[in-house]
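To find a chain, count down the sequence lines: A is the first, B the second, and so on, and within it residues start at 1.
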Number of protein chains: 2
Amino acid sequence: MSKAAIPSQLDTTILAETFRLLGDPTRLRILFFCLDEPRSVGDIAASLDLSQSLVSHHLRLLRGARLVRGNRQAKQIFYELADKHVSDMLVDMAHHVCEEQADD
Amino acid sequence: MSKAAIPSQLDTTILAETFRLLGDPTRLRILFFCLDEPRSVGDIAASLDLSQSLVSHHLRLLRGARLVRGNRQAKQIFYELADKHVSDMLVDMAHHVCEEQADD
DNA sequence: CAAACACATCAGTACGTGTTCATATGTATG
DNA sequence: CATACATATGAACACGTACTGATGTGTTTG
């Protein structure tokens with residue numbers, strides 16, 4: 001019990017599913033872009049130089065995994081990270097990758 | 001500076017590469033299995049019911065990303081997580097996924 | 001040195017997935 | 001109601017990749 005508990009195979013699958021979604025550069029860029037404040041789909045597409053369709057497709061996947069949530073505001077829909085959980089995770093990871101680089 | 005720094009596109013790609021590797025159930029199971037103590041390839045294959053070839057393939061990828069490191073001990077090679085960084089990350093994520101489930 | 005064991009590597013295949021283009025849905029405005 | 005705008009969805013394609021089976025490399029032991 002001193003050591004970390006090894007997740008069940010089911011938990012591992014769920015965890016892997018989340019990692020898999022984070023494992024795409026385009027999706028990660030979208031997530032980081034929505035980290036500080038909610039962003040409209042058009043804003044995401046324009047700022048990240050992506051097609052509107054592509055952004056929508058990725059947001060669909062991220063929504064399905066409860067990683068982001070969107071609020072309609074008139075014609076636009078503003079997406080933000082689903083909860084502090086997700087954003088903390090991203091921020092931590094961003095820090096880790098910086099240390100990794102300094103380490104190598 | 002109060003907000004989290006958004007990683008550069010290069011950093012994002014590197015980070016995504018790591019997430020992508022973690023985004024496979026088989027690889028995650030291997031990592032968690034090697035979390036507490038170094039494990040030989042044969043042990044991993046037998047305990048996780050995977051072919052030796054498959055385990056070796058995944059270990060190759062994990063090695064390439066500096067997520068694990070292997071030490072030869074006579075005929076066997078024992079793999080363990082590369083550093084505390086990686087293991088902390090896995091443990092944190094495992095906790096998160098548990099909370100997520102409780103949340104939903 | 002030869003045989004046996006542990007692990008790595010090499011093709012090959014089946015499948016998933018990121019992207020694009022075209023089209024549909026929903027929403028405000030005249 | 002028709003038009004324009006913002007987003008979502010569907011089909012199709014190109015590519016990557018997880019897995020298998022056979023073979024190669026390295027290490028001990030007789």
Side-chain angles (χ1 to χ4, degrees), chain A residues 9 12-34 37-82, chain B residues 9 12-34 37-82:
Chain A
Q9 188 156 351
T12 306
T13 302
I14 296 174
L15 187 56
E17 180 64 21
T18 304
F19 278 132
R20 194 180 60 76
L21 285 171
L22 299 176
D24 178 74
T26 303
R27 276 194 294 267
L28 259 191
R29 290 213 295 148
I30 292 175
L31 287 174
F32 276 114
F33 187 66
C34 299
E37 47 178 327
R39 308 275 194 174
S40 75
V41 179
D43 189 10
I44 298 172
S47 301
L48 269 47
D49 195 35
L50 303 169
S51 82
Q52 176 265 318
S53 174
L54 183 56
V55 173
S56 213
H57 275 296
H58 283 306
L59 286 174
R60 191 163 126 91
L61 296 175
L62 295 172
R63 243 169 32 210
R66 312 270 187 187
L67 288 172
V68 301
R69 54 173 298 177
N71 295 329
R72 177 139 233 160
Q73 209 104 358
K75 281 189 279 191
Q76 308 183 37
I77 299 181
F78 290 82
Y79 281 90
E80 59 189 335
L81 299 211
Chain B
Q9 188 157 350
T12 306
T13 302
I14 296 174
L15 187 56
E17 180 64 22
T18 304
F19 278 131
R20 195 180 59 77
L21 286 171
L22 299 177
D24 178 74
T26 303
R27 275 194 294 268
L28 259 190
R29 290 213 295 149
I30 292 175
L31 287 173
F32 276 114
F33 186 66
C34 299
E37 47 178 328
R39 307 275 195 174
S40 75
V41 179
D43 189 9
I44 298 172
S47 301
L48 269 48
D49 195 36
L50 304 169
S51 81
Q52 177 264 316
S53 174
L54 183 56
V55 173
S56 215
H57 274 297
H58 283 305
L59 286 174
R60 191 163 126 91
L61 297 175
L62 295 173
R63 244 169 33 211
R66 312 269 187 187
L67 288 171
V68 301
R69 53 173 299 176
N71 295 330
R72 176 139 233 159
Q73 210 105 359
K75 279 189 280 191
Q76 307 182 41
I77 300 181
F78 289 82
Y79 281 90
E80 59 189 334
L81 299 212

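A:Asp43 places a side-chain heavy atom less than 4.5 Å from the side chain of A:Phe33. No side-chain heavy atom of A:Cys34 sits less than 4.5 Å from a side-chain heavy atom of A:Val68.
If you take CD of A:Gln73 and C1' of D:dC5, they are 16 Å apart, rounded to a whole angstrom. Going from atom CG of A:Asn71 over to atom P of D:dA6 covers 18 Å, rounded to whole Å. Taking atom CG of B:Asp49 as the reference point, atom P of D:dA18 lies 19 Å away to the nearest angstrom. Summarising the geometry, the separation between CG on B:Leu50 and P on D:dG21 is reported as 14 Å, rounded to the nearest angstrom. With rounding to whole Å, B:Leu22 atom CG is found 16 Å from D:dA18 atom C1'.
When the nearest nucleotides of DNA chain C are assigned to A:Ala74 and A:Thr26 by heavy-atom distance, the more 5′-ward of the two goes with A:Thr26.
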Could you go through residues 48-59 of chain A and list every donor-acceptor pair under 3.5 Å that involves a side-chain atom there, pairing it with any protein atom two or more places apart or in another chain?
unit_1  : atom_1 : unit_2  : atom_2 : d
A:Ser51 : OG     : A:Leu54 : N      : 3.0
A:His58 : ND1    : A:Arg27 : NH1    : 3.3

Review point. In B/S/- notation, 5' to 3', how is nucleotides 1-16 of chain C contacted by protein heavy atoms closer than 4.0 Å?
Key: ----BSBBBB------

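Nucleic acid contact for B:Leu21: none, since no nucleic acid atom lies under 4.0 Å from a heavy atom of the residue.
In this structure, CZ in A:Phe19 is found 10.5 Å from OG1 in A:Thr12, a value given to the nearest 0.5 Å.
Applying the side chain to side chain donor-acceptor pair (under 3.5 Å) test to every pair with at least one member in residues 67-81 of chain B, sequence neighbours left out, gives these pairs: B:Ser40-B:Gln76, B:Arg63-B:Tyr79, B:Asn71-B:Glu80.
Considering only side-chain N and O atoms, B:His58 lies nowhere under 4.0 angstrom from the phosphate OP1 or OP2 of D:dT17.
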Review point. Where do B:Leu15 and A:Phe32 land on the side chain to side chain contact (heavy atoms under 4.5 Å, CB included) test, with the steps shown first?
Key: CA-CA 12 Å; B:Leu15 187 56; A:Phe32 276 114; 3.8 Å; yes

